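A short worksheet on the structure shown next.
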Amino acid sequence: MSSKPTFWLRCEKKEFERRSALTPTTAKKLIDAGFEIFVEKDEQRIFDDSEFEAVGCKLVENNSWPSAPTDVPIIGLKELPVSKEPLPHTHIQFAHCYKQQGGWSEVLARFYHGKGTLYDLEFLNDANGRRVAAFGFHAGFAGAAAGALALAARRQGKPLGLLSPYANETAMVSAVKESLGGSGKGVKALVIGALGRCGRGAVDLLRKIGLDEDDILKWDLAETAKGGPFPEILDVDIFVNCIYLSSKIPHFVTRETAIAAGQNRRLSVVVDVSCDTTNPYNPIPIYNINTTFDKPTVAVDVGPENPPLDVISIDHLPTLLPREASEQFSGDLLPSLLTFPKRSSERVWVEAETLFKEKLGEAAKAEGLA
């Protein structure tokens, strides 16, 4: 193995996930800066293997990272498949295990047993505490699109079917408008978390499909300060939740409030972009499963006499725009990756490792290991 600083881009094992933590563009910039980049072959990834090879990456077999030297950092996006195998490598990825989500301690126990390190992409922050890279905008954009498609399907008396990635934003907007009969005019939507990256993405999509500005309710901390449940949510067609949940807050909408609204409820689709499905503080306790691209909605039990209510809770919505989302995210992550060889002194990495060690200690106690 080379003495150069190295990253190993692993394949993604989550079904339908087509995004990539590195792109040919960012990989070339790392190589130009003196890095060596290994890329696992992956037919699921939106970028062809040949695109990486053309910029100087070294292709390796699919899912071969467990046999990579343990001093080579493994970079990916989504969580690894469930396993009890110890993890001796350094991993850079979204692990979804720092907020006591379902199975959180078992995930961290793998690092405990393998003596590996996790740098969770969700917690790489700049000096102002803002994430250095996030899929937020594309998550909101794609989530609002999925919500509009689900509304269109319900207007035809059926749940939303298979969702497939779009070649680009223009294709997505056109498809959504077509599903609504040419325009979203007349549709009413409420976005909570509208001032953040995710919320701005949702609002942007809603504008582009033709909603009137007055029909896009943009809520943030000021509007939710009074505490829910909020009856206003029941008076729109689509509710898009884009908040970042870090502590217990009052519920936004409940099954009881939806049932109580009866036939007068306008709300048809809830898009939980935040997707805190297994978080004990989830402010939308009307569902308890993550939905998927092949089954994008789950029905809320509101009684046969009431209009249907669907929830979309897909936890990797940006993969509906995989190329654009990957380029944006990887480009934002690149400056931090360039400093990774000095991670013992670079603040973004030092803070991420400190947090990992803190969470690792909590997991060790929870698993009876310490």
Side-chain angles (χ1 to χ4, degrees), residues 136-220 223-224 230-243 252-253 258 261-274 284 291 296-297 299-300 302 306-314 317-318 320-321 324-325:
F137 182 87
H138 286 99
F141 195 94
L149 290 168
L151 176 66
R154 270 298 169 203
R155 286 179 171 176
Q156 295 172 16
K158 58 187 180 183
L160 179 61
L162 174 70
L163 284 174
S164 298
Y166 293 88
N168 51 51
E169 178 186 305
T170 302
M172 173 182 275
V173 169
S174 296
V176 174
K177 290 171 72 173
E178 182 180 348
S179 77
L180 291 167
S183 170
K185 188 176 181 63
V187 173
K188 192 171 184 180
L190 189 154
V191 179
I192 295 186
L195 298 182
R197 279 186 272 213
C198 178
R200 291 200 304 272
V203 170
D204 189 43
L205 180 282
L206 294 169
R207 285 176 176 146
K208 284 177 175 172
I209 64 170
L211 270 70
D212 290 330
E213 198 67 25
D214 289 346
D215 285 336
I216 308 173
L217 281 64
K218 310 169 196 70
W219 284 21
D220 213 273
E223 291 79 7
T224 57
F230 302 107
E232 295 94 333
I233 291 175
L234 302 173
D235 292 330
V236 299
D237 298 295
I238 304 168
F239 163 44
V240 187
N241 178 40
C242 293
I243 70 160
F252 290 162
V253 63
Q263 295 283 336
N264 296 321
R265 170 175 48 82
R266 181 170 178 174
L267 182 67
S268 180
V269 181
V270 173
V271 184
D272 193 4
V273 181
S274 302
I284 308 174
T291 60
T297 63
V300 180
V302 289
N306 291 320
L309 176 58
D310 292 323
V311 176
I312 294 173
S313 55
I314 298 170
L317 280 163
L320 282 176
L321 286 171
E324 288 163 304

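This one's a predicted model, so the numbers in the text were calculated from it and none came from an experiment.
- Lys208 and Val173 make their closest contact through O-CG1, 3.6 Å (heavy atoms, listed as atom of the first residue, atom of the second, distance).
- We find that Asp204 and Arg200 are not joined by a salt bridge, their nearest charged nitrogen and carboxylate oxygen being 4.0 Å or further apart.
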Next item on the list: Could you walk me through whether Arg266 and Val236 pass side-chain contact (heavy atoms from CB on, under 4.5 Å), step by step?
Entry: CA-CA 6 Å; Arg266 181 170 178 174; Val236 299; 5.7 Å; no
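- Salt bridge status for Lys218 with Glu223: absent, with no side-chain N to carboxylate O gap under 4.0 Å.
- Nearest heavy-atom pair, Pro318 versus Ala325, reported as atom, atom and distance to 0.1 Å: O-CB, 3.7 Å.
- For Glu324 (side chain) and Glu169 (main-chain N/O), a donor-acceptor pair under 3.5 Å exists by modelled atom type.
- The minimum heavy-atom distance linking Val273 with Gly143 is given by the pair CG2-CA, 4.2 Å.
- Looking at Ser174, its side chain never comes within 3.5 Å of a backbone N or O of Ala171 through a donor-acceptor pair.
- Side chain of Asp212 to backbone of Asp214: no donor-acceptor contact under 3.5 angstrom is found.
- Two residues are said to be in side-chain contact when any heavy atoms from C-beta on lie closer than 4.5 Å; Asp272 and Ile312 fail this criterion.
- In plain terms, the two heavy atoms of Cys242 and Val191 that are nearest each other are SG-CG1, 4.2 Å.
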Check: Would Val300 and Val311 count as a side-chain contact (heavy atoms from CB on, under 4.5 Å) if you check the C-alpha gap in whole Å, the side-chain angles of each, and the deciding distance to 0.1 Å?
Finding: CA-CA 7 Å; Val300 180; Val311 176; 3.6 Å; yes
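- Atom-to-atom distance recorded for Met172:CE and Leu321:CG is 4.0 Å, nearest 0.5 angstrom.
- How far CD of Glu178 is from OG of Ser183: 13.0 Å, rounded to the nearest 0.5 Å.
- A donor-acceptor pair under 3.5 Å is absent between the side-chain atoms of Asp215 and the main chain of Leu211, judged by distance alone.
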Check: So Glu232 and Asp235, side-chain contact (heavy atoms from CB on, under 4.5 Å) or not? Walk me through it.
Finding: CA-CA 5 Å; Glu232 295 94 333; Asp235 292 330; 5.5 Å; no
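- The shortest side-chain heavy-atom distance between Asp310 and Leu160 does not fall under the 4.5 Å cut-off.
- With rounding to the nearest 0.5 angstrom, the CG atom of Asn241 is 4.0 Å from the OG atom of Ser274.
- Annotation: side chain of Leu267 is not in contact with side chain of Leu190 (no heavy-atom distance under 4.5 Å).
- The shortest distance between side-chain heavy atoms of Ile192 and Ile233 falls below 4.5 Å.
- By the 4.5 Å heavy-atom criterion applied to side chains, Ile284 and Val270 are counted as neighbours.
- In plain terms, the two heavy atoms of Ala258 and Leu309 that are nearest each other are CB-CD2, 4.1 Å.
- Residues Ser268 and Ile238 fail the side-chain proximity criterion, which asks for heavy atoms closer than 4.5 Å.
- A distance-only check finds a donor-acceptor pair linking the side chain of Ser313 to the backbone of Thr291 [under 3.5 Å].
- Contact annotation: the side chain of Leu163 approaches that of Leu320 to within less than 4.5 Å [non-hydrogen atoms, C-beta and beyond].
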Check: Between Leu180 and Arg155, is a side-chain contact (heavy atoms from CB on, under 4.5 Å) present by the stated rule, with each step listed?
Finding: CA-CA 9 Å; Leu180 291 167; Arg155 286 179 171 176; 4.0 Å; yes
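- Between Phe252 and Phe239, the ring planes are perpendicular. Angles over 60° get that label, and only those under 30° would be called parallel.
- When the options Arg207, Lys188, Lys185 are evaluated for a salt bridge (Lys or Arg N to Asp or Glu O under 4.0 Å) with Glu213, the one that passes is Arg207.
- Scanning all heavy atoms of the two residues, the minimum distance from Leu206 to Ala189 falls at CD1-CB, 3.8 Å.
- Contact check for Val253 versus Phe230: no side-chain heavy atoms found under the 4.5 Å cut-off.
- Using modelled atom types, one side-chain atom of Asp220 and one backbone atom of Ala194 make a donor-acceptor pair closer than 3.5 Å.
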